[in-house]
Q: 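Sending over a structure as structure tokens; questions will come in a sec.
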Amino acid sequence: MSDRQSNVALLGTQVGYQNKVFFRTPIAAFFTIFFPLMIFVVFSLVFGNQYIEELGVTTAQYFAPAMAVFAAVSASYTNIATTTAYQRDMGILKRIRGTPLPASVYMGGKIVSAVLIAALSVVIMMGIGILFYGVEVYARTLPAAIVTFLIGVGTFSALGLLVAALVPTGESATAVTNATLLPLAFISGVFLPPSDDAPVWLETVANIFPLKHFVEPFSTAFNPTYTGSGWNWASLTYLLAWGIGATILATRLFKWEPSTGSGSRRRRRRATEPS
Amino acid sequence: MAIIDVENLAKSYGDVHAVRGIDFHVEQGEIFALLGPNGAGKSTTVEILEGHRARTSGSVSVLGYDPTERDRAYRERIGIVLQETAVEDQLSVKEAIDIYGSMYPKHRATGELIEIVGLEAKTDARIKTLSGGQRRRLELALGIVGDPDLIFLDEPTTGFDPSARRQAWTIVENLASLGKTILLTTHYMDEAQHLANRVAVMADGLIVAEGTPESLGDRQSKKTVITFVAVGVSTDSLGLADVSTGDNGRIVISSDEPTRDLHTITGWAISAGVELTDLSVTRPSLEDVYLELTGSNDE
Ligand SMILES: Nc1ncnc2c1ncn2[C@@H]1O[C@H](COP(=O)(O)OP(=O)(O)OP(=O)(O)O)[C@@H](O)[C@H]1O
Ligand SMILES: [Mg+2]
């Protein structure tokens with residue numbers, strides 16, 4: 001039909017709507033934006049923002065980009081997986097499915113919204129680092145850092161959709177994202193700098209999963225002893241491979257209907273006869 | 001051409017045979033109601049037509065489309081109110097209608113819709129603060145926001161207070177008068193009676209009766225029942241055939257010719273000098289017929 005809005009216009013509306021839903025869900029906004037920021041500030045206070053000899057950076061210079069990645073992954077992976085699964089439990093996805101909105105535009109809205117929210121939390125994190133903890137940003141590595149950020153958030157958004165496709169309910173999405181993200185964050189250098197004392201197999205495990213390939217190139221771009229321009233093509237390609245694989249699987253496995261199990265309790269039951 | 005053409009439609013969930021071969025046709029501008037007890041297969045049928053579920057066998061054509069193909073053009077022409085659903089709690093009524101409206105090429109004005117469903121006072125209220133019936137009204141608004149030609153309403157008024165139900169009926173009637181076609185499921189006999197041009201009663205996955213609400217289950221040919229209480233007189237002198245005495249001395253008369261029989265009864269009462277307390281004349285209601293058809297009155 002001729003009056004059909006273009007997909008780009010529809011995407012714009014969807015992004016605005018997903019942003020609204022996010023910022024009006026205080027718990028999501030807290031865990032995505034405030035929580036990583038809090039860890040960053042606590043780390044910088046606890047370790048007195050001292051110089052870390054082995055890494056050649058201050059605590060804040062190390063943790064600002066690391067926690068920014070953690071926030072970005074919370075905004076994309078955790079947030080998309082849990083919101084989408086909860087919306088499915090509620091029957092919201094089923095309602096969307098009955099409208100003419102193309103599924104790709106709906107999912108695109110979630111991803112673009114995640115990118116914006118992630119960008120906001122990264123800017124807040126780095127901004128506070130720069131203002132209060134002497135964190136430095138380098139023009140030389142900034143383009144690579146931005147591209148790494150975009151590819152990382154895109155990949156973790158696709159992974160969030162994959163988790164939503166695989167789990168039956170919102171509760172299980174919360175459990176699965178936490179059980180995967182937190183251990184990986186510990187072994188991938190998000191919460192702790194990489195240590196030479198760690199067993200080799202742990203490093204191998206970290207290398208298999210995508211988080212390390214996001215946090216390492218991004219953090220490197222903020223390392224004052226690093227002299228290159230920050231393009232880590234191997235990691236970026238590896239991230240993209242995860243992202244594409246996750247997109248293909250999520251598209252195939254995605255379910256729009258609430259599962260008939262425990263999640264359906266949340267929906268309002270109406271099937272009562274008046275007599 | 002019929003708007004909805006369903007032939008020999010069947011749907012099984014594993015070994016649950018929810019719909020077991022049904023046929024029906026709905027013409028443009030009709031309000032067609034599906035009635036039936038819980039689990040009869042109404043929602044399954046409606047959701048197959050909406051494109052939400054795949055059928056096991058049979059053929060379905062809606063507005064000339066096969067709903068399983070999930071054409072965007074098809075979804076632009078239908079409106080859906082699901083039996084169990086929700087709207088994003090975080091949005092306001094107005095925001096939700098705006099966003100859902102943006103998905104359709106021709107959509108109705110938000111303010112007008114809010115007025116139609118009577119949510120003016122809640123325009124800017126968050127959806128999480130709405131009562132159950134108010135949410136249902138919003139869902140009705142979202143079902144027609146795309147100005148659809150065909151509207152599916154799965155128990156649209158469950159949870160409505162009596163005046164909201166009347167308002168919803170008016171909305172549905174207005175839609176039909178604009179030439180829209182409506183497929184409705186309901187558990188309320190008065191709703192089917194009031195709204196539907198035709199009714200199909202489903203039980204256990206089959207259509208057990210279909211027709212106008214008046215003719216359903218041969219209701220017209222059923223006898224009229226006249227009852228009253230008359231104290232201290234014998235009805236032997238009444239001279240009517242089908243007279244029985246029920247509980248508390250209530251007299252029950254089945255009649256094929258209620259006008260003539262009523263005349264006889266009142267004449268008899270006046271000449272005997274008795275008052276006919278609690279006189280009533282009733283025909284079997286749609287509900288009586290429904291209970292008989294679905295076998296639920298034996299319980
Ligand atoms: N997704 C499903 N998986 C398995 N069985 C299902 C599913 N949906 C419905 N059924 C079964 O199919 C039958 C028909 O269900 P349906 O929802 O169509 O009934 P209904 O007539 O709409 O009932 P109600 O008046 O309670 O809404 C029931 O026995 C139900 O348990
Ligand atoms: Mg139903």
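Below, read A as the first sequence line, B as the second, and so on, with proteins coming before strands; counting in each chain starts at 1. All of these numbers come straight from a predicted model, not from anything done at the bench. FYI, side chains are in, hydrogens and waters are out, and symmetry mates aren't considered; it's all heavy atoms of this structure.
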Q: Looking at B:M103, B:R53, B:R72, which has the largest count of heavy-atom pairs under 4.5 Å with chain A?
A: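 Result: the option with the highest number of such pairs is B:R72.
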Q: Should B:K94 and B:D98 count as an ion pair when the cut-off is N to O under 4.0 Å?
A: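 Yes, charged N to carboxylate O under 4.0 Å.
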Q: State plainly whether the residues A:R95 and B:E88 are in salt-bridge range, i.e. N to O under 4.0 Å.
A: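 No.
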Q: Which bit of A:T13 comes within less than 4.5 Å of chain B, counting heavy atoms only: side chain, backbone, both or neither?
A: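 A:T13 touches chain B through side-chain heavy atoms alone.
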Q: If every non-hydrogen atom of B:N38 is compared with every non-hydrogen atom of B:H187, which pair is closest and at what distance?
A: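 Between these two residues, the closest heavy atoms are ND2-NE2, 3.4 Å.
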Q: Quick check on the interface: out of B:V145, B:L142, B:I78, who has the most heavy-atom pairs with chain A under 4.5 Å?
A: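 Going by pairs under 4.5 Å, I would pick B:L142.
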Q: Among the options A:W256, A:F23, A:Y17, pick out the one with the most heavy-atom pairs lying under 4.5 Å from chain B.
A: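 Top option by heavy-atom pairs under 4.5 Å: A:Y17.
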Q: A:L101 versus chain B, heavy atoms under 4.5 Å apart: side chain, backbone, both or neither?
A: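 For A:L101, the contact with chain B is made by backbone and side chain together.
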Q: Is chain A contacted by the side chain of B:Y74, its backbone, both, or neither, given a heavy-atom distance below 4.5 Å?
A: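 No part of it gets close to chain A.
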Q: What I want to find out is whether B:D190 reaches B:R165 closely enough, with some N-O distance under 4.0 Å, to be called a salt bridge.
A: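 No, this pair does not count.
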Q: Strictly below 4.0 Å, N to O, side chains only: are B:D66 and B:R55 in salt-bridge contact?
A: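 Salt bridge between B:D66 and B:R55, a charged N being under 4.0 Å from a carboxylate O: yes.
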Q: Identify which part of B:S92 has an atom lying under 4.5 Å from any heavy atom of chain A, answering side chain, backbone, both or neither.
A: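 Only the backbone of B:S92 comes within 4.5 Å of chain A.
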Q: For each of B:D71, B:L91, B:I80, B:D89, tally heavy-atom pairs with chain A at distances under 4.5 Å, and name the one with the top tally.
A: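 The option with the most such pairs is B:L91.
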Q: Under 6.0 Å between ring centres: does that hold for A:F43 and A:F63?
A: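 Ring-ring flag for A:F43/A:F63: true, centres closer than 6.0 Å.
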